[in-house]
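Quick one: the structure is below, questions incoming.
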Protein chains: 2
Amino acid sequence: MRPTVHDIAAAAGVSLATVDRVLNQRAGVRKVTRDRVEQAIEKIGYVRDMAAANLAKSRIYPFVFILPSGDNSFMRGLEAEVHAAMLRAPLERMVISTVKVPAFNAEALVAALDEVRATAPAGVAVVAVESPEVIAAVNRLRAERIPVVTLVSDLAGSARDHFAGVDNVAAGRTAASLMGRFLGGRPGPITVLAGSMRVRDHRERLDGFRAVMDEDFPGHTLLPVIEGQDDPVLTEKLVGEALAASPETVGIYSFGAGNRGLIAALKQRKNAAPVCVIAHELTRHTRAALNERLIDAVLNQDAGHEVRSAVRVLKAKADGAEVICAQERIYIDIFLKDNLPFDEGDENQKPQQGKEL
Amino acid sequence: MRPTVHDIAAAAGVSLATVDRVLNQRAGVRKVTRDRVEQAIEKIGYVRDMAAANLAKSRIYPFVFILPSGDNSFMRGLEAEVHAAMLRAPLERMVISTVKVPAFNAEALVAALDEVRATAPAGVAVVAVESPEVIAAVNRLRAERIPVVTLVSDLAGSARDHFAGVDNVAAGRTAASLMGRFLGGRPGPITVLAGSMRVRDHRERLDGFRAVMDEDFPGHTLLPVIEGQDDPVLTEKLVGEALAASPETVGIYSFGAGNRGLIAALKQRKNAAPVCVIAHELTRHTRAALNERLIDAVLNQDAGHEVRSAVRVLKAKADGAEVICAQERIYIDIFLKDNLPFDEGDENQKPQQGKEL
DNA sequence: AATTTTCTGATTTACGTACCTCAGATTTTA
DNA sequence: TAAAATCTGAGGTACGTAAATCAGAAAATT
């Protein structure tokens, strides 16, 4: 049988109450006694039964996800994943709620963070916008010992507990490395397309891209950054103009979230010279474009992984348990047309189950 | 407050005992009463508290992982991940043990499966070897309602509950697609290096690779498969001979587990014409080779993800709970030198934590 | 030496579910 | 109609931990 608190008490020659005080770091235990209990714990190899502990606490974990509103595919997907997590939450005594704030609006985000703080949640996940005020607001949460996880977009310089997202510099570097090799020495300029350079993720991606391009593929120059504001119409117009102005363009790196406009612009020039296109985020649109060979590669962050990771980390932090770092690292997925995952909504999905007996 | 069994009893106008009989599908309840209880459950939205249920059952989950012995880096890594999972297991009332069997030996695997079955575990994870006898042995486990998950290598045609591993055909296709584009039209033959063609994973990878090569890059021919038996010395010798015999080779696809020999052979020919090399499994050796630009890309299956996924699925199956499919899909990671994750053992690891308040 | 403060032990209740026993009610069979 | 079989209710104990209360014991302060 697995050892229990009673076994510790017996082994250390103290009462249950003392063991409880040590285990839950409550006051009222002498140093020597505490040491004796800890040695006993060590010796008999006790591990706390989390299920029983939570049952006894009859604790529920109210977690809040603060998400940007707006209609780009990635954020909608993220929201869907949060919703899916909401449905599963009760199984582990969690309650997940969401708060929507206007995208890229630091002031609104600060207000939301403070409002959420007033409800004393067990943890907060937030898609960060960079600003000193937001950092301060996050730190106010942390000052009240409320765990905070940044989601998708990190908040450097804050006291957030964890970042559930990808390394965007590495993503940009990877894009450059792929594009450089796909072009195979074919010289020419490269067009870079952002949503907005005011967002940290996008800046980091460009930094990584530029670094590897300069270092490993000096034959290519980067044209001035196009900022499409994640707006399909605007993006299509700007990309069309840029391609017309620089017909010798050999590559496009799109690291924003609005790929619909890019794809539309690419379709316009079916008969022009081939251009190597690398984009971010696997959506209905980029998936189709991969299959039509309009896009060569898509770098993706799996929103589902990010949300589930955020939930796990928040729960672990709330429990004071340890986080398995390797499990919580979000990898950059690289998709070519050849390794696209089967679509959730696809009827022709490959069966994953074995036959029934 | 979340509804409990008491609330069901009150809502259905029956006693706790009857609710219990319905919930745990015990005999002794009339059809009409059963229906009334089930309607009440539906209506008040009851979900069983698994933690409390398991506590009451004082159930522990003995899971067994059957792994091949042998010393290749990937399997050693897998074993390390299983060991890590063993240490975390008690937190969730699980006990994980391992059984080692000689690699690629169907007879020994069948014996191990039957031996494990005699211990009546709560679930079994197994790195499968393809054979009718193994399928039968797995089905014997399933016939006793013991959940079975195949790990890394699947067992088609068996009644296994789940496969925790990557789509190896897609992996081969991806490798071909990357290599074709990296070569950028430069013609020439391609050398393919397997561990053994008797293993399903390897065959599938080659099938995928060949399919995309034939379809999209007909300029390349595949040289006869080299089988290095995952032996470094043998592999180095065979690769050296192959490169000498076909000096016009432009690419090497290594889809076995023994890359040390390949890398040694590549180092021998430092001044020869460049060859595009794509290998499988990120290990100390392939990581170093990526950084030295001896290897261009590494396709990887994350052993940690696979093991943790297997454990989660086994627990869910043992509990009769649902499996989150999207969470359990293991992606193929593509690593270039630009997106290598920070090494676990690396001292210069990038700090992941925010500053403390 | 008296008082306060700090520490420790013993005991109890509660969390939500599983599972057991026993008694009474209802239905079916002889 | 009696006997047997089947259903249902009531009530209890157990799982391992948390957290509270209260009573002593030891130590520190007057």
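Within every chain, numbering begins at 1; the chains are lettered A, B, ... in the order of the sequence lines, protein sequences first and strands thereafter.
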Suppose we screen for salt bridge (Lys or Arg N to Asp or Glu O under 4.0 Å). Which residues come up paired with B:Arg21, at least two apart in sequence or across chains?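 B:Arg21 satisfies salt bridge (Lys or Arg N to Asp or Glu O under 4.0 Å) with no other residue.
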Does the side chain of A:Glu79 come within less than 4.5 Å of A:Thr98's, by heavy atoms?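 Sidechains of A:Glu79 and A:Thr98: no contact.
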Can you run through DNA chain C from 5' to 3' and write each base as (, ), [, ], | or . depending on how it pairs? Watson-Crick or G-U wobble, both distances under 3.5 Å. |.|||||||||||||||||||||.||||||
Without decimals, in angstroms, what is the distance between B:Asp20 CG and C:dG16 C1'?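 Going from B:Asp20 (CG) to C:dG16 (C1'), I get 12 Å.
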Could you point out which residue of A:Ser309, A:Cys325, A:Pro147 forms a side chain to side chain contact (heavy atoms under 4.5 Å, CB included) with A:His162?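 Result for side chain to side chain contact (heavy atoms under 4.5 Å, CB included) with A:His162: A:Ser309.
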Nearest-Å distance, NZ (B:Lys57) to P (D:dG16)?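 My rounded result for the distance is 15 Å.
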Would you mind reading off the distance between A:Ile8 atom CD1 and D:dG16 atom P, rounded to a whole angstrom?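 Result: 13 Å.
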Between D:dC15, D:dT17, C:dA18, spot the one nearest the side chain of B:Ser58, thanks.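 For B:Ser58, the side-chain atoms sit closest to D:dC15.
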How far apart are the closest heavy atoms of A:Leu155 and A:Val129, and which atoms are they?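 So the two residues come closest at CD1-O, 3.7 Å.
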Take atom CD in A:Glu115; do more than 12 heavy atoms of anything else shown fall under 6.0 Å from it?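 No, CD of A:Glu115 has 12 or fewer neighbouring heavy atoms, counting only those of other groups under 6.0 Å.
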Does the side chain of A:Phe74 reach to within under 4.5 Å of the side chain of A:Gln301, using non-hydrogen atoms?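 A:Phe74 vs A:Gln301: side chains touch.
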Listed nucleotide nearest any side-chain atom of B:Asp49, set C:dC19, C:dT17, D:dA19: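 Of C:dC19, C:dT17, D:dA19, C:dT17 is nearest to the side chain of B:Asp49.
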Protein-nucleotide distance (A:Tyr61, atom OH; C:dC15, atom P), rounded to Å: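 Result: 17 Å.
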Of B:Lys31 and B:Ala56, whose closest DNA chain D nucleotide lies nearer the 5' terminus?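 Of the two residues, B:Lys31 wins.
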Report yes if at least one side-chain N or O of B:Arg26 is closer than 4.0 Å to OP1 or OP2 of C:dC19; otherwise report no.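 Checking B:Arg26 against C:dC19: at least one side-chain N or O falls below 4.0 Å of OP1 or OP2.
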May I have the distance from B:Arg34 (atom CZ) to D:dC7 (atom P), rounded to whole angstrom?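 For the pair B:Arg34 CZ and D:dC7 P, the rounded distance is 10 Å.
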Taking only nitrogen or oxygen atoms into account, show me every contact under 3.5 Å that the protein makes with nucleotides 9-13 of chain D, one pair per line with its distance.
residue	atom	partner	partner atom	Å
D:dG9	OP2	B:Ser15	N	3.3
D:dG9	OP2	B:Thr18	OG1	2.3
D:dG9	O6	B:Arg21	NH2	3.2

More than 12 heavy atoms of other groups within 6.0 Å of A:Lys43 NZ: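 No, NZ of A:Lys43 has 12 or fewer neighbouring heavy atoms, counting only those of other groups under 6.0 Å.
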Whether A:Arg93 contacts C:dC15 is assessed here as follows: a side-chain N or O lying under 4.0 Å from the phosphate OP1 or OP2. Is that the case?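 Looking at the OP1 and OP2 atoms of C:dC15, neither is under 4.0 Å from any side-chain N or O of A:Arg93.
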When you measure from the centre of the six-membered ring of A:Phe63, is the NZ or CZ of A:Lys315 under 6.0 Å away and within 45° of the axis?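 A:Lys315 over A:Phe63 ring: no.
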Could you check B:Arg30 against B:Val5 and say which one's nearest nucleotide on DNA chain C is further toward the 5' end?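 Its nearest nucleotide lies further toward 5', so the answer is B:Val5.
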Which part of the nucleic acid, if any, lies within reach of B:Asn24 when heavy atoms closer than 4.0 Å are counted: base, sugar-phosphate only, or nothing?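 Touches sugar-phosphate only.
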Are any of the side-chain heavy atoms of A:Pro68 and A:Lys100 separated by less than 4.5 Å?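 A:Pro68 does not reach A:Lys100 side chain to side chain.
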Roughly, in whole Å, what's the span from CZ in A:Arg2 to C1' in D:dT17?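 Computing the A:Arg2:CZ to D:dT17:C1' distance gives 11 Å.
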Taking A:Arg2 for the side chain and A:Val47 for the main chain, is one N or O donor matched with an acceptor at less than 3.5 Å?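 Side chain of A:Arg2 to backbone of A:Val47: a pair is present.
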What is the distance, rounded to the nearest whole Å, between atom CD1 of A:Ile60 and atom C1' of C:dA14?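 Result: 17 Å.
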Measure the distance from CG on A:Leu55 to C1' on C:dG16 and round it to the nearest whole Å.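 About 5 Å, once rounded to whole Å.
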